[in-house]
Participant: 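The following block contains the structure, expressed as structure tokens.
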Amino acid sequence: MRFGAFLIGAIFCGKKLRPSNQIMEIRNIAIIAHVDHGKTTLTDALMKQSGVNMEGLTMDSNKLEQERGITIYAKNTSVFYKGTKINIVDTPGHADFGSEVERVIKSIDSVLLVVDAQEGPMPQTKFVLKKSLEIGLKPIVIINKIDKSAAKPEEAHEKVLELFMELGANNEQLDFPVIYAIGRNGVAMKNLADEQKDLSPILDCILENVKPAENKIDSLLKAQIFNLGYDNFLGRLAVARIYEGKIKDGQTIFTKTPDGEIKKYRITKLYTFNGMAKEAVEEALCGDIVMVAGIPDAFIGETIIENSEQTPLSSIPIDEPTISLNFLVNDSPFAGQEGKFVTGRQIRERLEKELEVNVGLKIDFNSEPLLVYGRGELHIAILLENMRREGYELQVSQPQAIFKEINGEKVEPFEEVTIDVPEEYSGNVIDKIGRRKGIMTEMKTNENHCRIIFDVPTRGLLGYKGQFVVDTRGEGILCSRFIGFKPYAGEIRKQEYGSMTSMETGKALAFSLWNLQERGSIYIDPATEVYEGMVIGNVTKGDEMDVNPTKGKALTNMRKTSSDESIYLTPPLRLDIERGLEIMRHDELLEITPKNVRLRKKNLTKTDRSRNERSQTKKLNDL
């Protein structure tokens with residue numbers, strides 16, 4: 001079970017490479033950027049150059065991160081350069097994991113803003129930069145991937161400057177240093193014409209522009225927890241930034257919340273970071289980032305102090321969730337065949353543990369079924385994927401946007417959507433998003449490619465990303481970021497497919513699927529076990545259709561040339577958790593087990609579905 005991202009793939013190192021009482025300057029930075037702009041590659045290259053990166057190790061150590069090629073969890077490392085320790089936090093680039101960035105950014109002294117030399121600033125670039133500027137940080141801008149054939153580093157620099165001004169940066173922040181880099185090759189330059197040697201220009205720029213952590217060693221201990229880890233022997237571990245004083249192994253400490261709640265503990269083990277390894281030390285000084293054992297119920301945002309009368313640090317602000325869905329016990333005919341954890345109590349306990357580290361998640365445990373709030377479909381999909389790999393079996397409902405009422409007005413979450421698409425597909429994209437109440441705010445055309453920016457209700461985006469891939473033949477790029485709650489945009493009519501629902505239980509046969517594939521897309525392979533009420537495909541005309549996928553070919557004693565045709569099946573549109581959340585309808589549930597992902601109707605039999613439909617129609621008529 002995952003209790004903390006910092007510990008995944010980490011190595012504990014009992015040998016102290018440096019004296020624990022050695023005083024050196026410390027710089028704390030975070031690397032922030034849009035997804036796939038090269039944060040993690042650059043961090044790995046910095047560790048390699050500093051000699052702290054072990055062969056085969058990468059910051060993306062989680063299996064899901066390696067499979068998807070994105071950073072999901074914020075992780076910590078450190079490098080030593082010219083007698084200075086530089087703590088680096090690698091943060092996620094996807095908007096759904098923005099809470100990972102929000103809780104880290106308060107605990108560092110500056111940020112490296114990485115921008116792709118071809119794409120320029122993207123939605124998440126804007127999100128993370130806004131957070132940095134709000135708390136007064138002065139970013140260092142790195143224009144990365146300048147070796148791309150379509151790279152335009154000077155233009156990217158200008159766009160970054162425009163973004164700083166748009167976000168209200170002060171004069172000091174506007175005077176940001178710029179470094180040009182090729183993270184993959186491990187080289188950086190202050191000017192484009194400089195020699196491409198190594199990453200020393202970045203490290204030198206950090207020493208020149210990032211102030212050392214304040215030297216308040218003589219003050220009482222004050223540190224704030226901003227992440228959690230877990231060890232099978234030590235239990236929960238708190239990852240904290242020391243703001244004042246020093247912390248010692250075996251020391252008696254208190255944790256205090258902004259509300260004033262105080263608890264007393266004794267530190268059983270103390271670690272600092274040396275590369276990706278955790279190094280056991282006797283004490284750590286003001287400015288460093290440490291990992292502390294001995295606080296069994298530590299929570300993010302709590303302040304570690306040595307005197308119960310000390311004032312706690314302010315809490316870490318986190319943006320609100322934008323979607324909600326129900327988590328239910330799996331009650332399908334195939335329930336319990338694959339999962340190890342299938343009961344409501346086990347699911348509840350797992351979600352309680354998730355809340356300890358996933359600060360972007362909220363759960364209403366008083367509702368039945370459990371109501372879970374998240375930052376987006378990918379945010380929820382990663383949670384479900386982790387649970388299913390751990391052996392959990394459950395069902396979830398269709399994600400819904402969260403509505404609120406402010407000053408008597410109904411409001412809903414909106415997202416800024418940035419689309420890069422070949423010009424020939426732009427008309428179709430504008431039409432589809434317009435139907436979903438999207439408002440185009442900007443459009444630029446450059447060399448047969450368009451960049452279009454929309455403000456779209458979150459519920460308008462739900463279920464659209466798969467359609468976007470089809471509309472743009474896989475050549476479009478869609479990115480979004482949450483921009484706040486705005487007045488309700490009205491009813492959204494989406495082009496929906498009908499469901500192809502099995503009316504029999506048994507094994508699906510190729511002959512039946514061959515006949516059904518003409519009516520729409522099939523989700524299953526031949527010989528797949530199905531049950532009554534299971535959704536096995538969609539109908540392109542939008543009508544609901546009950547089918548029998550177990551029906552075989554009728555055999556007779558007569559032979560006809562036409563009846564012996566070969567069966568050619570189109571490869572199925574296989575369901576995964578993300579696709580299932582995207583295409584499911586309001587009257588369906590997504591069944592998730594360790595080995596399978598299935599769509600099913602809430603009411604399994606045709607009779608129950610008809611009765612429920614009549615009941616819903618009657619309620620609407622009564623209103």
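The residues of the chain are indexed from 1 along the displayed sequence. In this text, all values refer to a predicted model and were calculated from it rather than measured experimentally.
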Participant: Flag the pair Lys465 and Glu578 as a salt bridge only when some basic side-chain nitrogen lies within less than 4.0 angstrom of an acidic carboxylate oxygen.
Facilitator: no
Participant: Would you indicate whether the side-chain heavy atoms of Leu370 and Asp364 approach each other to under 4.5 Å?
Facilitator: no
Participant: Would you say the side-chain atoms of Arg574 pair up with the backbone N or O of Tyr523, donor to acceptor, closer than 3.5 Å?
Facilitator: no
Participant: Is there a side-chain contact between Ile452 and Met440 (heavy atoms, below 4.5 Å)?
Facilitator: yes
Participant: When you measure from the side chain of Gln346 to the backbone of Thr343, do you find a donor-acceptor pair of N or O atoms at a distance under 3.5 Å?
Facilitator: yes
Participant: I want to check something: taking the side chain as every heavy atom from C-beta on, are Val411 and Tyr488 in contact at a cut-off of under 4.5 Å?
Facilitator: no
Participant: Indicate yes or no: does Lys601 engage Glu588 in a salt bridge with an N to O separation below 4.0 Å.
Facilitator: yes
Participant: On the ring face of Phe299, is Arg236 found with NZ or CZ under 6.0 Å from the centre and within 45° of the axis?
Facilitator: yes
Participant: Assess the residue pair Arg585 and Glu544 against the criterion (salt bridge (Lys or Arg N to Asp or Glu O under 4.0 Å)); give the C-alpha distance rounded to whole Å, side-chain angles, the decisive distance to 0.1 Å, and a yes or no.
Facilitator: CA-CA 11 Å; Arg585 297 164 61 93; Glu544 292 286 315; 3.2 Å; yes
Participant: With a sphere of 6.0 Å drawn around NZ of Lys130, does it hold more than 12 non-hydrogen atoms of other residues, nucleotides or ligands?
Facilitator: no
Participant: When you compare the side chain of Phe334 with that of Arg598, does any pair of heavy atoms fall below 4.5 Å?
Facilitator: yes
Participant: Salt bridge check: are Arg350 and Glu354 linked by an N-O gap of less than 4.0 Å?
Facilitator: yes
Participant: Could you check whether Lys606 and Thr501, counting side-chain N and O atoms only, form a donor-acceptor pair closer than 3.5 Å?
Facilitator: no
Participant: Please indicate whether Glu613 has more than 12 foreign heavy atoms, meaning atoms of other residues, nucleotides or ligands, lying under 6.0 Å from its CD.
Facilitator: no
Participant: Spell out, as yes or no, whether a donor-acceptor pair under 3.5 Å connects the side chain of Asp259 to the backbone of Glu261.
Facilitator: no
Participant: Would you mind reporting whether Phe327 and Leu383 have side-chain heavy atoms less than 4.5 Å apart?
Facilitator: yes
Participant: Using only atom types and a distance under 3.5 Å, with no angle test, would you say the side chain of Ser502 pairs donor to acceptor with the backbone of Glu532?
Facilitator: no
Participant: For the residue pair Glu393 and Thr593, confirm or rule out a side-chain donor-acceptor distance under 3.5 Å.
Facilitator: no
Participant: Within the distance-only criterion (no hydrogens, no angle test), does the side chain of Arg600 pair as donor or acceptor with the backbone N or O of Met534 below 3.5 angstrom?
Facilitator: no
Participant: Does a salt bridge link Arg459 with Glu491, judged by any charged N lying under 4.0 Å from a carboxylate O?
Facilitator: no
Participant: Taking the ring of Phe485 and the ring of Phe414, is the distance between their centroids below 6.0 Å?
Facilitator: no
Participant: Looking at Leu371, is its backbone amide N or carbonyl O close enough to the side chain of Lys362 to form a donor-acceptor pair, meaning the two atoms are under 3.5 Å apart?
Facilitator: no
Participant: Do you know the tightest heavy-atom contact between Ser397 and Asn326?
Facilitator: OG-N, 2.9 Å
Participant: With a 4.0 Å cut-off on N to O distance, would you call Lys75 and Asp90 a salt bridge?
Facilitator: no
Participant: Answer whether the closest heavy-atom distance between the side chains of His34 and Cys479 falls below 4.5 Å.
Facilitator: yes
Participant: Is it true that the side chains of Glu423 and His449 contain a donor and an acceptor less than 3.5 Å apart?
Facilitator: no
Participant: Say whether Glu390 and Asn386, considering side chains only, have a donor N or O and an acceptor N or O under 3.5 Å apart.
Facilitator: no
Participant: Check whether more than 12 heavy atoms from other residues, nucleotides or ligands sit under 6.0 Å from atom NZ of Lys602, and answer yes or no.
Facilitator: yes
Participant: Which residue in the set Thr472, Ile453, Ile433 passes side chain to side chain contact (heavy atoms under 4.5 Å, CB included) when paired with Ile419?
Facilitator: Ile433
Participant: With heavy-atom distances below 4.5 Å as the criterion, would you say the side chains of Ile577 and Val396 are in contact?
Facilitator: no
Participant: Charged N to carboxylate O below 4.0 Å: is that the case for Arg389 and Glu385?
Facilitator: yes
Participant: Does either side chain, that of Thr458 or that of Glu415, offer a donor lying less than 3.5 Å from an acceptor on the other one?
Facilitator: yes
Participant: Where do Ile347 and Val342 come nearest, in terms of heavy atoms and distance?
Facilitator: CD1-O, 4.5 Å
Participant: Measuring from atom CD of Glu416 to atom CG of Asp455, what distance do you get when rounded to the nearest 0.5 angstrom?
Facilitator: 6.0 Å
Participant: Any donor and acceptor pair, going by atom type alone, linking the side chain of Ser512 with main-chain N or O of Lys551 inside 3.5 Å?
Facilitator: yes
Participant: What do you reckon, is CZ of Arg579 surrounded by more than 12 foreign heavy atoms closer than 6.0 Å?
Facilitator: yes
Participant: Looking at Glu320 and Gly360, would you say the former's side chain and the latter's main chain have a donor-acceptor pair under 3.5 Å?
Facilitator: no
Participant: Taking all non-hydrogen atoms of both residues into account, name the closest pair between Asn330 and Ala335 and its distance.
Facilitator: O-CB, 3.3 Å
Participant: Ion pair present between Glu412 and Lys410, side-chain N to carboxylate O less than 4.0 angstrom?
Facilitator: no
Participant: Might you work through the salt bridge (Lys or Arg N to Asp or Glu O under 4.0 Å) test for Arg609 and Asp587, ending with a clear yes or no?
Facilitator: CA-CA 9 Å; Arg609 291 196 294 275; Asp587 63 341; over 6 Å; no
Participant: Hey, mind stepping through Glu338 and Lys595 against salt bridge (Lys or Arg N to Asp or Glu O under 4.0 Å) and telling me if it holds?
Facilitator: CA-CA 7 Å; Glu338 300 170 8; Lys595 296 181 181 179; over 6 Å; no
Participant: Shortest non-hydrogen contact from Val456 to Gly438?
Facilitator: CG2-CA, 3.9 Å
Participant: Test salt bridge (Lys or Arg N to Asp or Glu O under 4.0 Å) on Asp608 and Arg611; report intermediate values, then the result.
Facilitator: CA-CA 5 Å; Asp608 288 343; Arg611 185 182 297 121; 2.9 Å; yes
Participant: Between the side chain of Gln395 and the main-chain N/O of Leu589, is any donor-acceptor distance below 3.5 Å?
Facilitator: no
Participant: Strictly below 4.0 Å, N to O, side chains only: are Asp420 and Arg451 in salt-bridge contact?
Facilitator: yes
Participant: Side chain of Asn548, backbone of Thr550: donor and acceptor closer than 3.5 Å?
Facilitator: yes
